[in-house]
Visitor: 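I am attaching a structure below and will ask some questions about it afterwards.
Chain naming here is simple, since letters A, B, ... match the order of the sequence lines and numbering starts at 1 in each.
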There are 4 protein chains.
Amino acid sequence: LSEGLFDAVLARGGAREAVSDGAWLQAMLDVEAALARACADVGVIPASHAEAIAGACRAELFDVAAIGAEAANVGNPAEPLVRALRAHVGQPAADDVHRGATSQDVVDTAAMLVARAALGALLHDLRGAASAAATLAADHRDTVMIGRTLMQQAVPTTFGLKAAGWLVALDESAVRLADVRLAAQLGGAAGTLAALGDAGVEVLGRFARELGLDEPVVPWHTDRTRVGELAGALGEACGAVAKIAGDVVLLAQTEVGEVREGVEGRGGSSAMAHKRNPVAAISALAAARQAPGLVATLLASMEHEHERAAGAWHAEWPALRSLLTFTGSAAAWLRDCLENLEVDVERMRGNVGDASVSVGAASELVDRALRAHGER
Amino acid sequence: LSEGLFDAVLARGGAREAVSDGAWLQAMLDVEAALARACADVGVIPASHAEAIAGACRAELFDVAAIGAEAANVGNPAEPLVRALRAHVGQPAADDVHRGATSQDVVDTAAMLVARAALGALLHDLRGAASAAATLAADHRDTVMIGRTLMQQAVPTTFGLKAAGWLVALDESAVRLADVRLAAQLGGAAGTLAALGDAGVEVLGRFARELGLDEPVVPWHTDRTRVGELAGALGEACGAVAKIAGDVVLLAQTEVGEVREGVEGRGGSSAMAHKRNPVAAISALAAARQAPGLVATLLASMEHEHERAAGAWHAEWPALRSLLTFTGSAAAWLRDCLENLEVDVERMRGNVGDASVSVGAASELVDRALRAHGER
Amino acid sequence: LSEGLFDAVLARGGAREAVSDGAWLQAMLDVEAALARACADVGVIPASHAEAIAGACRAELFDVAAIGAEAANVGNPAEPLVRALRAHVGQPAADDVHRGATSQDVVDTAAMLVARAALGALLHDLRGAASAAATLAADHRDTVMIGRTLMQQAVPTTFGLKAAGWLVALDESAVRLADVRLAAQLGGAAGTLAALGDAGVEVLGRFARELGLDEPVVPWHTDRTRVGELAGALGEACGAVAKIAGDVVLLAQTEVGEVREGVEGRGGSSAMAHKRNPVAAISALAAARQAPGLVATLLASMEHEHERAAGAWHAEWPALRSLLTFTGSAAAWLRDCLENLEVDVERMRGNVGDASVSVGAASELVDRALRAHGER
Amino acid sequence: LSEGLFDAVLARGGAREAVSDGAWLQAMLDVEAALARACADVGVIPASHAEAIAGACRAELFDVAAIGAEAANVGNPAEPLVRALRAHVGQPAADDVHRGATSQDVVDTAAMLVARAALGALLHDLRGAASAAATLAADHRDTVMIGRTLMQQAVPTTFGLKAAGWLVALDESAVRLADVRLAAQLGGAAGTLAALGDAGVEVLGRFARELGLDEPVVPWHTDRTRVGELAGALGEACGAVAKIAGDVVLLAQTEVGEVREGVEGRGGSSAMAHKRNPVAAISALAAARQAPGLVATLLASMEHEHERAAGAWHAEWPALRSLLTFTGSAAAWLRDCLENLEVDVERMRGNVGDASVSVGAASELVDRALRAHGER
């Protein structure tokens, strides 16, 4: 995966690779392999054919550019891939490639596999950010700072409580992301499993188990609640990241100066030596703010016509890829930001001023957040 | 609640009333009453004061217009309401009104109460729509129709399976909506519970229980994952509704003619007597399509600064109200649509043509969907 | 127009009234009156009938609630209004009411009239805000302050140049809004003007002139580029407002303290006497941030099917109403904010610190902005 | 530019290349070259230095991946590019590279150049689509078909008038796109032009002329009305495309069968030989539907803080790139669709049925649209 001009800033973290063309290609092949095995398991195709098919389901055997170019003739890359796979497999097994499936089955199930891998990568960073927030909350459990409401200094709080609030938001959005239902899709031409004869429902179950995905009650080719749920959870996570990154940017203001990002060689300004820009927080914001619009695109695209949508289905592909990438980048940058955050305890104390300091139940609340974090 | 020019079309169902000014006012008063009781329970204020306060927390005692007008001076309606409530309560209990709380506590917790009521109303209609879909699925378990992919006739399916797909989508979005975490918010000026002394955390717990809301780990005044989650679930439900309503509109096309809405006196055209417009499906679409943009607004508004956001908090109010209203309207119209749907079985069979009819596992899948529906 | 609980904060300014039910009702009646006059002008109906019709086109004669309730039967309020208008007019002129038109003609043209009135109100405030910005730019042409990039103090600039940047943004978005093409819509049942016989195109032209709207090349019932253009221009204006209001909020931070809103009795905090919240800027932000999502709704709703959209048309109504209202509120609050902005010149100078002050061409640029403003 | 798995479907047309990394790199270099020349013109730097700098401003000399990787340290690719350019230029001219400018000047002005090139490509296809619509309108000026309102057959119209409506929408959105104000950005560290001494304003003017961009009244680094305007116009064009592509999909339905896409070897189905999927219209829809969400992202990102935004600026890059790409793809696919559209005149006539045919002023309106098209 080559690095582009903006990727290091906007597409940090492992999600970008998890949604790459190569990853998509392998995911579609994994779907074909799982389908062949499921069909063999129930006796729809010979086991030897399934073996031959699965053996050819390796991305390095295929030419992404050629498949991509041919996709224009049918409107999706699964159809040319199936043809190429058949050529690789050769007769007699070739006829059993893609048995009982339609292109959408391959693309939709592959999308779930791609999403699962991307979620794995981004949850790793989101949980890393949560751990860093937990450390900040614990370390600064009793660090007094001024609370600010409507951007005005109000009454004292602690930096521990602020970090505990970050922690809870990250923990809860991670739980939501981990809970998203990712299910296999298999239905054939019109979603009836007709081409698999009596074995259809059984193949569906085995197919899902092969891939480690949920088995849906019925094929979900035009029920996009799963995609909507995934989109919503990603948007929620980006919102949580944006709040925290925004706080860091505000606290790092020259006039506030209560935190700064402490990565050597980053964020300096050649022209203005005194500046230290919070690059990680800024980049996290840039990525997180892509989410609301992309979630809107995915929600608007839930309106699938009849048994296969004419446009709404295709519209999901770039939006989902982008949303996973940007959520991953937001999480990766936030993790970096929080892991390297330098807290100026003196400055915090100084900004409280002469106000008598009563931070109420702040420390008790920090302990609750840390306990809840530990129990996850 | 007076009916406006567009409300019968765009704001059908009970959610509109549940998010009305009157409902909001009462919700804020319920919050104050619960707070007073919680404070009394733990001995922060005298029980008699709590009684006096709770007794005055009736919306009919207050002037919405006056409170709304004064809200402009502080940027939220809770502050003038608290002053008015204090005046009603009189001394000595007046000083114990709003004890330990800040305006945001009142507005945020009231928003959760309002959302709960609106969700109740809209889930009623969403489940009604699901029941109607279940009836259609059962009645037409074996009604053959042509499947359509990319808007072209493809291979046969059954209307039962189509309705079963609708059913599963409605059921699953209803589950998601019912699972949304609605929690009480109480934190005081900067979210530390400082004004409640040692009793803060205990008051928070009792306050939440009084209202039947979840107790959060820490105050969530600037952690808007709950709002994001609610928004995502509403958007998902609207997407499910839009898919179904869209299918009805397409099936009702003159050239397809497989379904029509059968409500006497609705959808006719004075100029064109032969027309029967699917008004319910159309109105459901009009409402459902408001959701993606409103969800985007709520997700973008998750970026709350420090201990109280300067704008992002306030931005939630109209977007959440609209989103609840439109989701409610979409659900109510869809329910009406499906409960009155006339299915032309002959036409469906006719559109399949001479194609040999194999509908695969369709009936088996219908049974699975009905079984899953029954188990909810 | 009664004041609701949130209206004073979120729906300030004249746009709210301009898009009210009463205004919509009158606009639809103005359309019917203009249509009757245009028809009479070309001899399609008798002049006396046009007079009778126009005479009855007064909102106070009609019951909004009744019309709104009946709208549910057909999916729009124009049809019941036409029936009510016919009843008021009586025979023989009743049959000439709504001659050659369809409901969409009435709603679409009324939407343009409503938009024009709302734009008038909001442009008044937007230009007022621009004037206030111009005054600030002139008054502080040479007031040195620190420039801030990525929220870090950078090199000096002037408050005059900052205000000049605000001014140019406001001026240019006002120009764009004033340039939006608002055209009459008249096409009849399928947009062919068929019901007007040979006179159709001539009636269209006279109808447009009657209302002071552009005459379209062809009926635009399903060409929503006008709505898209209006939406985009409103979104752009809200973005300009948000940037400025955001700057005010940031400059008003306790730690920066370079500006504050100087309205007596507003923004104070009973609990914290030292606070002065920038309520106007905050409220402007809350309104402006509704725009991106609403613009997305309107752009997504441009996809009108065939000769009248089944849902996309109806979806425009609430989104356009809200977008006009919020843009108006954002403009009104920003105007209030800038007209009452207190600038702390000493504090600005102090925040520049010891840095040698070179503000480059700042004053020259201020002069350019003021000159361009004067020439508009 | 290598072809990816989804690009042929989702990123057709010339805009994709115009916004590629290579194009961005060259655009940033063009900015540096123009700046050097402008500085030399007014005597700020020696002409020989400008020549040396301009001579090195060729993309092939630079390593995109290396510059992209270093961008992570500062948050944008301009800073490492300037360093690499200085190394290429060598002393003594190296010190005059990037004279008086800041990274944002380079990125913002390059964005305008990239946008101009992408607009050129997409307007080519949009106008091509308009020409095809004009041909359809002329050829079918008197082809009678049934008008459809709310997806029900209504009264007759002509296919010529339908195509004329498409034509006007395409023409008007093309005009709007062509009118978008693209201006040079130059302001230096805080937008004051301070580093250019007295020559600042003059350099700004020459810089703009060198690049063929508008000269702004004042630097627009944090006035994003231009970006908002561009976004709105792109969204409007996508809406126009979506309406037309949607009509094609609906008319191509098996049950309607009035048009089909006539490209050999495209849209066929191996499994279902009778199908001919409207791949071009579907792909146009898939691309066009990305626009509303992306426009929302760009509008929400107009809120730039102070003299350089911490995140909102960076957030524009991917959203603008995507929006240009998708608008280009939508235009290219629509052009292909309309240029190859086969119209079944018999079927259209047949669908009108026995209804007496009066198409009113339809032909007159077609002529108006063609005339207006010819005059552009």
Visitor: Between atom NE2 of A:H304 and atom CD1 of B:I244, what is the distance when rounded to the nearest 0.5 Å?
Guide: 13.5 Å
Visitor: In the structure I gave you, are the side-chain heavy atoms of A:H306 and B:D247 within less than 4.5 Å of one another anywhere?
Guide: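 Yes, close enough: below the 4.5 Å cut-off.
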Visitor: Among A:G232, A:A362, A:A190, who wins on heavy-atom pairs under 4.5 Å with chain B?
Guide: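 Result: the option with the highest number of such pairs is A:A190.
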Visitor: Got a sec: does the CG of B:D142 have more than 12 other heavy atoms crowding it under 6.0 Å?
Guide: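 Yes, enclosed.
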Visitor: Can you tell which part of B:R181 gets under 4.5 Å to a heavy atom of chain A, answering side chain, backbone, both or neither?
Guide: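 Looking at B:R181, just its side chain touches chain A.
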Visitor: Of all the residues in residues 215-224 of chain B, which have a heavy atom that comes within less than 4.5 Å of a heavy atom in chain A?
Guide: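 Listed by number: B:E215, B:P216, B:V217, B:V218, B:P219, B:T222, B:D223.
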Visitor: Which heavy atom of B:A361 sits nearest a heavy atom of A:L193, and at what distance?
Guide: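 Shortest heavy-atom separation between B:A361 and A:L193 comes out as CB-CB, 4.2 Å.
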Visitor: With the side chain counted from C-beta on, respond yes when B:E305 and A:R148 share a heavy-atom pair under 4.5 Å apart, and no when they do not.
Guide: no
Visitor: Among the options A:G235, A:A372, A:G246, pick out the one with the most heavy-atom pairs lying under 4.5 Å from chain B.
Guide: A:G235
Visitor: Quick test of your reading of the model: are A:E307 and B:K243 salt-bridged, counting only N-O distances below 4.0 Å?
Guide: no
Visitor: Do A:V201 and B:R368 touch side chain to side chain, with heavy atoms closer than 4.5 Å?
Guide: yes
Visitor: Give, as side chain, backbone, both or neither, the part of B:L161 having an atom under 4.5 angstrom from any heavy atom of chain A.
Guide: side chain
Visitor: Examine whether an atom of B:E229 lies under 4.5 Å from a heavy atom of chain A, and if so say whether it belongs to the side chain, the backbone or both; otherwise answer neither.
Guide: both
Visitor: Can you tell me which portion of A:V295 sits under 4.5 Å from chain B's heavy atoms? Options are side chain, backbone, both or neither.
Guide: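 Side chain only.
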Visitor: Where does B:A300 contact chain A at under 4.5 Å (heavy atoms): side chain, backbone, both or neither?
Guide: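 The answer is both parts of B:A300.
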Visitor: Under 4.5 Å heavy-atom distance to chain A, tell me which part of B:L285 shows up: side chain, backbone, both or neither.
Guide: side chain
Visitor: Considering only heavy atoms and a distance below 4.5 Å, find which of A:G228, A:G75, A:G147, A:A169 pairs most often with chain B.
Guide: A:A169
Visitor: Please state whether the side chain, the backbone, both or neither of B:H314 comes within less than 4.5 Å of a heavy atom of chain A.
Guide: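 For B:H314, the contact with chain A is made by the side chain alone.
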Visitor: Output the distance between atom CD (B:E364) and atom OG1 (A:T192), rounded to the nearest 0.5 Å.
Guide: 11.5 Å
Visitor: I need the minimum non-hydrogen distance between A:L365 and B:G191, along with the two atoms involved.
Guide: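 Scanning both residues completely, I find the closest heavy atoms to be CD1-O, 3.9 Å.
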Visitor: Who wins among A:M151, A:Q104, A:R289, A:R176 for the most heavy-atom pairs under 4.5 Å with chain B?
Guide: A:R176
